[in-house]
Amino acid sequence: MKTAEKKISRRDFIDWVIKGGLLATFSGMLFPALAYLWPVMGHGPGSDMQEVAKVDEIPVGGAKKVILAGSALLLVRTAQEFLAFSAICTHLGCVVDWNSEKKEILCPCHAGVFDLQGRVVSGPPPRPLPSYAIRVTNGKVFLKL
Ligand code: FES
């Protein structure tokens with residue numbers, strides 16, 4: 001039994017190599033161009049913001065701790081907005097808590113107290129808590145470190 005062999009001429013082979021090379025080159029140029037334009041075309045949060053929670057996860061007056069890129073963060077939801085702070089106390093690095101009754105951020109280690117702007121209200125912390133930009137889009141909370 002003979003199999004049908006199809007001979008490829010040298011010219012056809014070179015045509016295929018050239019076309020394949022051109023296709024690979026243009027594909028390699030197209031992907032970076034589309035990746036560059038993608039954030040411009042999007043209507044969501046900026047490309048440098050990352051989702052950290054869903055709006056429904058945090059009740060008004062409540063808070064949630066999250067870890068983003070190795071940083072511990074405290075998200076607080078007031079009646080008007082979401083706020084984000086470092087969850088690491090500026091005194092000796094304990095993890096702070098949210099006190100929903102007093103509407104303050106408390107450090108359990110040495111009774112440091114911060115207000116809703118992250119400013120030190122009382123106790124030994126030498127500096128305010130760092131705060132971060134937040135954006136709420138489509139029921140999701142996005143944050144920029
Ligand atoms: S570590 Fe927070 S008050 Fe000391």
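One-based numbering, in listed order, for ligands and for the atoms of each. Position 1 is the first residue of the sequence, and the numbers go up from there.
The nearest protein atom to atom 1 (S) of ligand 1, hydrogens excluded, is given as Leu92 N, 3.3 Å; this is a heavy-atom distance.
With hydrophobic clusters built from ILVMFWY side chains whose heavy atoms lie under 4.5 angstrom apart, Leu74 does not share a cluster with Val52. Residues Val66 and Leu143 are members of one and the same hydrophobic cluster, defined by side-chain heavy-atom contacts under 4.5 angstrom among Ile, Leu, Val, Met, Phe, Trp and Tyr.
Within His110, the N, O or S atom at minimum distance from atom 4 (Fe) of ligand 1 carries the name ND1. Here the N, O or S atom of His91 that is nearest to atom 4 (Fe) of ligand 1 is ND1.
At distances below 3.5 Å, at least one donor-acceptor pair connects side-chain atoms of Asn99 with backbone N or O atoms of Glu101. Formation of a donor-acceptor pair under 3.5 Å by the Arg77 side chain with backbone atoms of Gly61 is not found in this model.
With 2.8 Å as the limit, Cys89 does not count as an N, O or S neighbour of atom 4 (Fe) of ligand 1. Cys107 lies close to atom 2 (Fe) of ligand 1, since one of its N, O or S atoms is found at a distance under 2.8 Å.
For ligand 1, the atoms closer than 4.0 angstrom to any heavy atom of Cys94 are 1 (S). Counting atoms of ligand 1 from 1 in the listed order, those under 4.0 Å from a heavy atom of Pro124 are 3 (S).
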(request) Decide disulfide bond (SG atoms under 2.5 Å apart) for Cys89 and Cys107; before the verdict, give the C-alpha distance in whole Å, the side-chain angles of both, and the deciding distance to 0.1 Å. (result) CA-CA 7 Å; Cys89 180; Cys107 179; 3.7 Å; no
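A salt bridge links Lys65 with Asp97: at least one charged nitrogen is closer than 4.0 Å to a carboxylate oxygen.
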